[in-house]
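See structure below.
Every chain is numbered from 1, with letters handed out A, B, ... down the list of sequences.
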Amino acid sequence: MFQPVENNASFPSLENEILEFWKEQDIYGKSLERRADAPRFVFYEGPPTANGMPHPGHCLTRAIKDLFPRYRTMRGFYCERKGGWDTHGLPVEVEVCKELGIHSKEEIEAFGIEPFIHKCQQSVWRYMREWERLTERLGFWIHLPDAYVTYHKTYVESVWWSLKTLFDRGLLYQGHKIVWWWAQGGTALSAGEVGQGYREVADPSVFVRFPLLDDEGQRTDTSLLVWTTTPWTLPSNQFAAVHPELTYATVTDTESGEKLILADELVETVATKAKREWTVESTCTGRQLVGRRYLPPFDDYYRELGDRRAPLKTGGEDYLAWRILSADFVTTESGTGAVHQAPAFGEVDYEVLIADQERFVSGEGPELICAVGPDGKFTSEAPDYEGRWVKEADKDICRDLRERNLLLHLDQYLHEYPFCWRAEEDPLIQYPRQSWFVRTTKFQDRMLANNQEINWLPDHIKGGRFGKFLESNVDWALSRERFWGTPLPIWVCDQTGKQEAVASYAELLAKPGVQGTEVWTAAKQANPELVDDLCVHKPYIDEVTYDSPFAAGGRMRRVSEVIDCWYDSGAMPFAQWGYPHQGHDEFQAQFPADFISEAIDQTRGWFYSQLAISTLLFADPDNRTAETEPVDFPHPYRNCIVLGLMMGEDGQKMSKSKRNYREPTEIFDKYGADALRWFFFAKQAPWTTIRYSESSIKESIPEFLLRLWNVYSFFVIYANIDGFDPGQLLAPDHALAANAQLNAADFAAARGFRPIAQRGELDRWILSELNRTLSGVVERMDAYDNFAACQLINEFVDGLSNWYVRRSRDRFWASDKESPEKLDAYWTLYECLLTTSKLVAPFVPFLADTLWRNLASVCGPQVLESVHLCDFPGGDDAVVDEQLSTRMRLLREIASLGRSARMDAKLKVRQPLAKVEVILADATHQPWLAAHDALLCTELNVKAIEYTADAEKYIEYQVQPNFKRLGPRVGKLMPAVKQALGEADGGALLAELTDTGKVELAAGDQTVELDNEDIQVRLQAKPGWSAAQGTSCVVVLSTELTEELLREGLARDVVRLVQDRRKQLQCEFTDRISIGIVTDSDDVKAAVQDNLDYIAAETLANRVIFERLADSDRVEHQVGGDKIVLHVSVDAP
RNA sequence: GGGCGUAUAGCUCAGUUGGUUAGAGCGCGUCGCUGAUAACGACGAGGUCCCAAGUUCGAAUCUUGGUACGCCCA
């Protein structure tokens, strides 16, 4: 006996039972054990940060991350799923600052770095429990107890090793980075912080003359006219930039006679603004201006460097600065088309400098000029303004320029400018800071080559967002002037400034003359609860110094920076194992990953950091070591599903304050995890923007989960009634092997089990559909296409429920329990359900196991206890019957058309009809269809189906060209062919085609010979018939009702009323009853009399009488317009 | 300002290499079924496939240019 199935399934509570079962029996562990010797399917967990609550977006990521490992495990792979947590970085520091009510670095330092770090370390676990609970409840099988943690000592040391490797190869270097700088607070602001502080302000807008020099370096009477809104950057001017493709005009001022150069199309605008009159003397392209030298507005640097030249890589030499350069970013939207370049104070300008440096022999090119200190005040390098806050010096600089006749025009300019978000009066400035960089640009080609080999889903990421990002690669600004992060493992000699990198704590301790480790020891003694991992963190690590190998008496001290936490997570392919200090075998076995998945916001995050680090470390044939043997591309991941962003109910970004989404826990409690998973997997491609709406999640239940459940429930109800128990039916001498998975072969010797070939068409059909689905799902899932796979599954379950079960019901109800047809139905449906539970297991693991456990356990203890231990079923081509599939589709279409025609004629299905006539466009399938009249007759409640030979009576033929076939052949003649076919007599044309196999058609001035394949026939029902037309057939109803048919209809009405009454009386399906009917209607009496056997059989009635029954309530009804009183009573068994 | 993506029914989304009646679910309407039953099913209405131009015998699909929205970066 199967466990009875509740008719109102509560998925959440079923899921909780399954969770309990998984936990108690360690099903996840067993699923891995079963694959211990199997080939690996490597999965990497992109580490989430546990210092915030998980939200629906995380559910999607975690659901997809669960799906494919589950699928691959069932397909026979060993798939280790090691968890991971991202624990470093500014977000953590910000959380702690919030808690402490502080903001700035000074405040952190005042609070104390040591206690601050302790708080950071604790803070990252704040929402750990919520994350664990969500992970488990969603059914995400991943091993969390030994998850990698980015602050762990082993992890940090692994990162250190990689950094040392890069450092030793010259790939880790110090340089400048232009940051948004809060001068008053002495700190850089992150992009997010800057974004918060934009305000509209008026800044001076100045048009300044840069007098051009001639070849001898003498000042000419022509000036380049440049524009800037930051006059304070002019003392640090290094270049002027023009666009190479723009046209520039040389104009003469009619009043002063001076000559100016500016963009041709801006001449009028600027002249008007400056209230001048200019005449254009000549024009040239920007390219022609490139290389010209000019006199900068301030000569503090120029005095010394103006004539200095340096050797170029290409030979020859060029002046270091104050040249006109070519730059694509120059526009004519504002200004003059000539742009002042102060690389110290603008990221774009800085890149121009770097690019220019590249032209020179290494180390000989222009240095960065910067006349401003970190406090935002001019330094002694601009003596006139030394000590003055830059913004405040603007006015005097302008006055100075005017006095020296360099200022053409000054006005005010309104624009958005960032201010410090916590000190609102302080404008930010762009400012160069020393920073450590990873020289990723050197590996750009190899990163691009690596990218080419990655299977991106969707495909456009490869050449699109990710590829484009790689093409514009710049060196990775690695260091952060912060506290909670992996310390940069570089120690500097305090005498020579020489540097070396350290790969592990042990390596550090082994250095000569080590001092400072006692600080950590003391801290640990004072507070034994401190986790040991903190010894490699600030502030303890900063205390560790050692003897310099570079200078006698020198000490090596660590640089103060920590690194970008994206480097941490990008290092996880090896750092999760502590490689190479330990975990060598694990790394070798688990590199690269077969599959990773995160949302698209990780393009520049984890997707990039992994690829960059892996390419730099494991794709350098010139620097191979035992630990960094080059690995074939792609690595470190082969397949990557890039998930779309998740939006709230209203299509807007999800936001806690707007309450535009439901908490996942609420969804789990109301609808269950399977509903949520199915919503993610089956409702849209995973890379589209997903609207997370409660109603859509809810819909998963009736659309899929409940439909499958109903089939399951139907099966269990009748199997139990009929005593269909596969365990009992298995032949005693055919015991199941251990770990049986209940494939069809296991039942071959069971009682009543017939080979598929001996079963009826409907059974063969559904098994064919099942196997077609299996093949399709495997094919799609191997291609990481869960969406298409789900559509296939959905179609199958729909066919199972709405055609197979629906059309097999009378077999299940048949009274002969041993009839072969009935047993066929049970065995077929049983096999379908068992296989379906395996099929859906990776998608909806809870429902799948609920089905499996009940359906499979009746076969005894040898059977695998969980569906997740089974193999994923592959399709058996031998069982697939494409022709049967096509024919059944046609049959269903005829049924559908028949219902449609009934609808039109307002003839309800309960009313039997004499016949329908079917006209097929293609008569090939007619004999087969004719053999299945019974099915159609039942479905349409008609007495007969006829396949009309006399088609012309009901329909006319419309003949159309088969465009796809004919198009390439007739080309431009197509419209003429179409018209000619449309005008031809379809019937005659078809007749000729049938006779001779070809037909000649005059189209335009040519004749085209057509064969059977060249045309498509459409049928058009003639008016006047109750008919419905489809693409390939027409169904015509016979609407004539005889007395007999009408009575039969009435009898069915009565049956329906009795069944209704049975339900009200809460009859068991097997209870027998008595029926009493009291009516004045002779029609009803006759109808009941004529169909007595039918009524009795349908309602399990022992007797039907035309008088009231004692001990029974009377119920009044209308039947066919007449009143009847119905009595129903349950007979004693 | 640049890059990438998206735009199809009232809503949420499919639509395979270009092929002439553009699909599904929900919602809506009508109806059916009543031994899966607080379910289920059928049928129907509903579309200028964002706009424009182009390529083609033929465009939701390819090209170009717009528009709107989203994300990333400046």
[X] side-chain proximity, nearest of [options]:
{"X": "A:Arg1056", "options": "B:C73, B:U34, B:A39", "answer": "B:U34"}
{"X": "A:Asn802", "options": "B:C72, B:G41, B:U20", "answer": "B:G41"}
{"X": "A:Phe963", "options": "B:C40, B:C4, B:U20", "answer": "B:U20"}
{"X": "A:His460", "options": "B:A36, B:U21, B:C4", "answer": "B:C4"}
{"X": "A:Arg910", "options": "B:C4, B:C33, B:G35", "answer": "B:C33"}
{"X": "A:Arg899", "options": "B:C43, B:C4, B:A42", "answer": "B:A42"}
{"X": "A:Arg707", "options": "B:G41, B:G19, B:C40", "answer": "B:G41"}

If you look only at pairs with a residue in residues 789-808 of chain A, which of them pass as a salt bridge (Lys or Arg N to Asp or Glu O under 4.0 Å), with sequence neighbours excluded?
A:Arg707-A:Asp798, A:Arg806-A:Glu939, A:Arg807-A:Glu939
Between A:Ser896 and A:Met974, who's closer to the 5' end of RNA chain B by nearest nucleotide?
A:Ser896
Can you confirm whether the side chains of A:Asn962 and A:Asp1014 place a donor and an acceptor under 3.5 Å from each other?
no
No-hydrogen, no-angle side-chain donor-acceptor test under 3.5 Å, A:Arg811 and A:Ser808:
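Judged by distance alone, the side chains do pair up.
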Return the set of residues passing side-chain hydrogen bond (donor to acceptor under 3.5 Å, both in side chains) with A:Lys462 (not counting sequence neighbours), or none when no residue passes.
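Here no residue qualifies.
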Going by the rule side-chain hydrogen bond (donor to acceptor under 3.5 Å, both in side chains), which residues pair with A:Thr441 if we only count those two or more places apart in sequence or in a different chain?
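A:Thr441 satisfies side-chain hydrogen bond (donor to acceptor under 3.5 Å, both in side chains) with A:Asp475 once adjacent residues are dropped.
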At under 4.0 Å between heavy atoms, how does the protein contact nucleotides 58-69 of chain B? Give one character per nucleotide, 5' to 3', with B, S or -.
------------
Applying side-chain contact (heavy atoms from CB on, under 4.5 Å), can you list everything that pairs with A:Pro975, at least two apart in sequence or on another chain?
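A:Pro975 satisfies side-chain contact (heavy atoms from CB on, under 4.5 Å) with no other residue.
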Listed partners of A:Ser10 passing side-chain contact (heavy atoms from CB on, under 4.5 Å), at least two apart
A:Pro12, A:Ser13
Please state the [atom1] separation for the pair [N] and [M] - nearest whole angstrom.
{"N": "B:G15", "M": "B:A7", "atom1": "P", "answer": "9 Å"}
{"N": "B:U56", "M": "B:U63", "atom1": "C1'", "answer": "12 Å"}
{"N": "B:C57", "M": "B:G27", "atom1": "C1'", "answer": "41 Å"}

Distance-only donor-acceptor test, [X] side-chain atoms vs [N] base atoms, 3.5 Å:
{"X": "A:Lys964", "N": "B:U20", "answer": "no"}
{"X": "A:Arg902", "N": "B:C31", "answer": "no"}
{"X": "A:Ser801", "N": "B:A36", "answer": "yes"}

Regarding [X], tell me which of base, sugar-phosphate or nothing describes its non-hydrogen contacts under 4.0 Å with the strands shown.
{"X": "A:Ile461", "answer": "nothing"}
{"X": "A:Leu645", "answer": "sugar-phosphate"}
{"X": "A:Val977", "answer": "nothing"}
{"X": "A:Gln1059", "answer": "base"}

Starting at atom [atom1] of [X], determine the distance to atom [atom2] of [N], rounded to an integer number of angstrom.
{"X": "A:Asp785", "N": "B:U16", "atom1": "CG", "atom2": "C1'", "answer": "11 Å"}
{"X": "A:Phe796", "N": "B:A24", "atom1": "CZ", "atom2": "P", "answer": "21 Å"}
{"X": "A:Phe469", "N": "B:C73", "atom1": "CZ", "atom2": "P", "answer": "9 Å"}
{"X": "A:Arg780", "N": "B:U16", "atom1": "CZ", "atom2": "P", "answer": "12 Å"}
{"X": "A:Phe812", "N": "B:G35", "atom1": "CZ", "atom2": "C1'", "answer": "13 Å"}
{"X": "A:Asn710", "N": "B:U37", "atom1": "CG", "atom2": "P", "answer": "7 Å"}

Parallel, tilted or perpendicular, as decided by the 30° and 60° cut-offs, for the rings of A:Tyr830 and A:Phe715
parallel
Going by heavy atoms closer than 4.0 Å, what residues in residues 803-811 of chain A are next to RNA chain B?
A:Val805, A:Arg806, A:Arg809
Dump the pairs, protein N or O against N or O of nucleotides 10-14 of chain B, anything under 3.5 Å, distances to one decimal.
residue	atom	partner	partner atom	Å
B:U12	OP1	A:Arg691	NH1	2.8
B:U12	OP1	A:Arg691	NH2	3.2
B:C13	O2'	A:Lys683	O	3.2
B:A14	O2'	A:Gln791	NE2	3.3

Going by the rule ring pair (Phe, Tyr, Trp, His ring centres under 6.0 Å), which residues pair with A:His55 if we only count those two or more places apart in sequence or in a different chain?
A:His58
Applying ring pair (Phe, Tyr, Trp, His ring centres under 6.0 Å), name anything that partners A:Phe812, two or more places apart in sequence or on another chain.
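Partners of A:Phe812 under the ring pair (Phe, Tyr, Trp, His ring centres under 6.0 Å) test: A:Phe714, A:Tyr826.
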Give a yes or no on whether the ring-centroid distance for A:Tyr608 and A:Trp566 is below 6.0 angstrom.
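No.
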So what's the dot-bracket for RNA chain B: Watson-Crick or G-U pairs under 3.5 Å, [ ] if a pair crosses, | if it pairs off-strand?
(((((((..((((.....[...)))).(((((.......))))).....(((((..]....)))))))))))).
Qualifying side chain to side chain donor-acceptor pair (under 3.5 Å) pairs with a residue from residues 676-686 of chain A, counting only residues at least two apart or across chains:
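Those involving residues 676-686 of chain A are A:Asp66-A:Arg677, A:Lys683-A:Glu699, A:Lys683-A:Glu703.
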